[in-house]
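To keep things clear, I will list the structure first and then write my remarks on it.
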There are 2 protein chains.
Amino acid sequence: MSVLRQRAAVSSSEVSFHSPAAFSAPDWLDSVIVGDCVAALERLPKASVDLIFADPPYNLQLGGDLTRPDQSKVDAVNDDWDRFDSFEAYDAFTRAWLLACRRVLKPTGTIWVIGSYHNIFRVGSIMQDLGFWVLNDIIWRKANPMPNFKGKRFTNAHETLIWASRDREAKGITFNYEAMKAFNDDLQMRSDWLLPICTGGERLKTAGGDKVHPTQKPEALLWRVLMSSSKPGDVVLDPFLGTGTSAAVAKRLGRHYVGVERDGTYADFARERIASVERAPDDGLAVVTPRRAEPRVPFGSLIEAGLIQPGDRLCDARRRHVATVRADGSIAAGAVAGSIHKVGASVQGLEACNGWAYWHVEKQGALVLIDELRGRIRSELAAAGA
Amino acid sequence: MSVLRQRAAVSSSEVSFHSPAAFSAPDWLDSVIVGDCVAALERLPKASVDLIFADPPYNLQLGGDLTRPDQSKVDAVNDDWDRFDSFEAYDAFTRAWLLACRRVLKPTGTIWVIGSYHNIFRVGSIMQDLGFWVLNDIIWRKANPMPNFKGKRFTNAHETLIWASRDREAKGITFNYEAMKAFNDDLQMRSDWLLPICTGGERLKTAGGDKVHPTQKPEALLWRVLMSSSKPGDVVLDPFLGTGTSAAVAKRLGRHYVGVERDGTYADFARERIASVERAPDDGLAVVTPRRAEPRVPFGSLIEAGLIQPGDRLCDARRRHVATVRADGSIAAGAVAGSIHKVGASVQGLEACNGWAYWHVEKQGALVLIDELRGRIRSELAAAGA
DNA sequence: ATATCTTATGAATCCCATG
DNA sequence: GCATGGGATTCATAAGATA
């Protein structure tokens, strides 16, 4: 359960589309609008929004089913809203909603868009073409991503956010540099953020126990977005609200929200969720501490760093067993090859072995434990603030 | 025996452009070509390259000078080669060199392109438009990035690499999954890589002590790129060679290289650097072999070898299901009979099952996985075959 | 009650040799 | 070309079940 989540009985107003008239401020502010975002945004006043967070469909283009090694089926995102006929169709869709966003965004406002490699390049290009000016791209490093079950690619362990101003010449942009630095143990906040995916109590479930939305984002991610680039009282727009993560965090942080969601069921869940959120007290906003990455140093890094060369020999403390280092970070002893742990276990006839505490390398006549070499890399990385 | 192709008796000589004739293999292989990459690549044979690494100009669009808090001036990238009049000009340039790369890339080959938020969205979109199929995007997390001196943005602490195949339907792509996993202490390699930037002794300096190239990449980055997606003997092309990081690492790892560089000074530094590199010994270049590459041993061979007798009982690890071994190498459980895989799937009610990892046989009171028995046959085969 | 084991699952562009 | 089938493949986290 998120530290930030609290319960309260606050109602949020609903808005429906019976009239084509433009909304007056009280109508659309702090509301969830059901409908297509381009149509909905046309009814908002021009230059009325301080911050936009958009989580559009990714256009995943998945093939057949995917099963885990235990043969269980992966619950893929194959909803209608994520299907596009071509890149051209996706581009047209993207251009339309970005243009609508651009109209309602204040000249001092900024926009965040999240995506994956399936769509983020197209989104970024179109943003640049429309005149948005990229301020940063941010990497959400997932602490617990889904693995690559078939072993055919690198684990897709991140998503990308683009943060941009309306124009290249934009002035007066909100960036709470000091707050983010304080949040980050007095180090500048970097462009890579390590955060867990949305699971557990934070994940909205139906009465049947199924997830309500296939791509619910973690509140911690929105917390950083809103804390860094908006002020209390600002208006935060989400054109693809889903189950309302951005609006819930906006309300908690004392920002106004406007959410547009095409799916009425998602919107209902979002309204209920937002209603249960209470604005945090002014002095209570700094409760979340950033999750720091402990620098895990794989054995291969020792080779990359030149501390060990391919072809070098490793041995145990008594020189009873010897192994050859290979360029890919594996080692080989006789017919056995694999990680320092696997080969260490094998030569000793054991089930398991901590290779770091077993293998040594000869340096100027003396044996040096490879864990000692790892320590050197660790201290360099720690000094760099990683 | 080394899988390495014997290196032809060709010096890594210079190639010049006095004739429009196509190069013959010995001319361009393991060479640095001075010239525009589009023109140079047109002279290479079609489908002749296994891997491309491209570090194109980023189109940084910098404004005025940047100074640190102590008023020292930051040595920015403002070379002519990084200046483009517009996004359109940059796109045209990008399309041209990507098309030229596509022609020389083998159908089984893959391409890596590195960039930052200034250019990577345009590069990625154009790659998709040209038919390249994105396999992963990789984040190079810089352990020691330059801080944001003005405190106006997040520290730009990463760069993005796109890894793509030539076509969506590409087969036979090289991805040394097991090697990367061994490298990473037996965990799948993720899409975010933490590596220091290129500094210290690795950074090429002029006699005057200035850095030779403003964007020299660390060898560790190229190490991962080449180790993961190429084999010894492969041909690695770099259309923007700069000071030759990719070629130097390729040579060290027993890959052939071709580098194209427009600037003669950079090319000279690259040649000198490549010449000083030594190829790693053969036994250091071997990688962990995937199980698919091991000789196929049918289940019946275990019966032929006497490791299992017809009539023996197989069971799973918890002894929940039992099957009887038959003389023809099939097994039977109740009314179901067939291969170890089919019957394993059937008794569990699953679509598929790897029978080798499911069935055990009782040996002196203990359960032994039949995959372990297969391993014994494989080592005997290896001993006999070698 | 506590510790341990088992199961479930997450924005996924996820096999390949043989006939 | 396509169909077939052997058999290869996972990490972090949370929640529930068992000891």
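Chain identifiers are assigned alphabetically (A, B, ...) following the order of the sequence lines, protein sequences preceding nucleic acid strands; residue numbering begins at 1 within each chain. Just so it is clear, the values below take in all heavy atoms, side chains as well, and ignore hydrogens, waters and symmetry mates.
Under 3.5 Å, the side chain of A:Q71 and the base of D:dT9 form at least one donor-acceptor pair of N or O atoms. Judged by distance alone, with hydrogens and angles left aside, A:K152 brings no side-chain donor or acceptor close enough to the base of C:dA12 to form a pair under 3.5 Å.
Taking atom CG of residue B:D316 and atom P of nucleotide C:dT6, one finds them 13 Å apart after rounding to whole Å. The CG-P distance, from B:N354 to D:dT10, rounds to 12 Å in whole Å. Between A:K217 atom NZ and C:dG10 atom P the separation is 13 Å, expressed in whole Å. One atom, CZ of B:R291, and another, P of D:dA8, lie 5 Å apart when rounded to the nearest Å. Atom CD in A:E159 sits about 8 Å away from atom P in C:dA12, given to the nearest Å. The CZ atom of B:R318 sits 7 Å away from the C1' atom of C:dT6 (whole-angstrom rounding). Going from atom CD1 of B:I370 over to atom P of D:dG6 covers 13 Å, rounded to whole Å. Atom CG in A:L60 sits roughly 7 Å away from atom P in C:dA12 (whole-Å rounding).
Residue A:K142 has no polar side-chain atom (N or O) positioned under 4.0 Å from OP1 or OP2 of C:dG10. Between D:dT9 and B:K181, no contact under 4.0 Å exists linking OP1 or OP2 to a side-chain N or O. For the pair B:R374 and D:dA8, the criterion of a side-chain N or O lying under 4.0 Å from OP1 or OP2 is met. When the side-chain nitrogen and oxygen atoms of B:H341 are compared with OP1 and OP2 of D:dG7, one or more of them lie within a distance under 4.0 Å. Applying the 4.0 Å criterion to OP1 and OP2 of D:dT9, one finds that B:Y358 has every side-chain N and O outside that range. Between A:R153 and the phosphate of C:dA12, there is no side-chain N or O to OP1/OP2 separation shorter than 4.0 Å. Taking only side-chain nitrogens and oxygens, A:N156 never comes nearer than 4.0 Å to OP1 or OP2 of C:dA12.
Separation of the C1' atoms belonging to D:dG6 and C:dA12 is 24 Å when rounded to the nearest angstrom. Rounded to whole Å, the separation between the C1' atoms of C:dT13 and D:dA12 comes to 23 Å. C:dT7 and D:dT10: their C1' atoms are spaced 14 Å apart (whole Å). Separating the C1' atom of C:dA1 from that of D:dA17 is a span of 15 Å, rounded to the nearest Å.
Base pairing annotation: D:dG7 forms no Watson-Crick or G-U wobble pair, as no partner gives both donor-acceptor distances under 3.5 Å. When both pairing distances are held under 3.5 Å, C:dT2 makes a Watson-Crick or G-U pair with D:dA19. Across every strand in view, D:dA14 sits in a pair with C:dT7 that passes the Watson-Crick or G-U test at under 3.5 angstrom. Pair assignment for C:dA12 gives none, since no Watson-Crick or G-U wobble pairing has each distance under 3.5 Å.
Looking at which nucleotide of DNA chain C each of B:R168 and A:D70 is closest to, the 5′-most match is held by A:D70. The 5' end of DNA chain C is approached more closely, in terms of each residue's nearest nucleotide, by A:Y58 than by the other of B:I173 and A:Y58.
Counting any heavy atom pair closer than 4.0 Å across all strands shown, A:T215 reaches a base atom. As judged by a 4.0 angstrom heavy-atom cut-off over every strand, B:P298 is placed among residues making no nucleic acid contact. B:S339 comes within contact range of the sugar-phosphate backbone alone, with a heavy-atom separation under 4.0 Å but no base atom that close. Among the heavy atoms of the strands lying under 4.0 Å from B:Q188 are primed sugar atoms or P, OP1, OP2 only; no base atom is included. The residue A:D75 sits close only to the backbone: its heavy atoms come under 4.0 Å of sugar-phosphate atoms, none of a base. No contact: A:P218 has no heavy atom under 4.0 Å from any strand. No engagement by B:A357 is indicated, since no non-hydrogen atom pair under 4.0 Å with the nucleic acid exists. Residue contacts shown for B:L187 are limited to sugar-phosphate atoms, with no base heavy atom under 4.0 Å away. Within 4.0 Å of A:D55, counting heavy atoms only, lies at least one base atom of the nucleic acid. Counting non-hydrogen atoms under 4.0 angstrom, B:C353 reaches a base of the nucleic acid. Within the 4.0 angstrom heavy-atom criterion, no nucleotide atom of any strand lies near A:G242.
Checked against C:dA11, C:dA12, D:dT9, the side chain of A:K150 finds its nearest nucleotide in D:dT9. With D:dA8, C:dA11, D:dT13 as the candidates, the nucleotide lying closest to the side chain of A:R203 is C:dA11. Picking from C:dA12, C:dA11, D:dG6 the nucleotide with the shortest atom distance to the side chain of B:K342 gives D:dG6. The nucleotide whose nearest atom lies closest to any side-chain atom of A:A76 is, among D:dG6, D:dA14, C:dA12, C:dA12. Distance from the side chain of A:L62 is smallest for C:dA12 among the nucleotides C:dA12, C:dG10, D:dT9. Listed nucleotides: C:dA11, D:dC11, C:dC15. Nearest to the side chain of A:P147: D:dC11. Counting only heavy atoms from C-beta on, B:W356 has its side chain closest to D:dG7 among D:dT13, D:dG7, D:dT10. Among C:dA11, D:dT10, C:dG10, the nucleotide with an atom closest to any side-chain atom of A:W81 is C:dA11.
Judged by distance alone, the side chain of A:T94 and the main-chain N or O of A:Y90 form a donor-acceptor pair under 3.5 Å. Without hydrogens or angle criteria, B:R378 side chain to B:P295 main chain gives a donor-acceptor distance under 3.5 Å. For the pair B:S229 (side chain) and B:V225 (backbone), a donor-acceptor distance under 3.5 Å is present. With A:W140 contributing its side chain and A:L221 its backbone, the two residues share no donor-acceptor pair below 3.5 Å.
In textbook terms, a nucleotide whose glycosidic angle is within 90° of 0 is syn, and C:dT13 is one such case.
A side chain to side chain contact (heavy atoms under 4.5 Å, CB included) with A:F53 is found for one member of A:I114, A:L241, A:L226 and no other, namely A:I114.
Using a 5.5 Å limit on the distance between ring centres and a 30° limit on the angle between planes, the aromatic ring of A:F149 does not count as stacked on the six-membered base ring of C:dC14.
Note: A:W163 and A:W112 meet the aromatic proximity criterion, with ring centroids under 6.0 Å apart. For A:Y266 and A:W81, the gap between ring centers reaches or exceeds 6.0 Å.
Ion pair B:D129/B:R122 not flagged as a salt bridge, since none of the NZ, NE, NH1 or NH2 atoms sits closer than 4.0 Å to an Asp/Glu carboxylate oxygen.
Under a cut-off of 6.0 angstrom, the local environment of CG in A:D85 is sparse, with at most 12 non-hydrogen atoms contributed by other residues, nucleotides or ligands.
Under the 6.0 Å distance and 45° angle rule, A:R374 counts as a cation-pi partner of A:W356.
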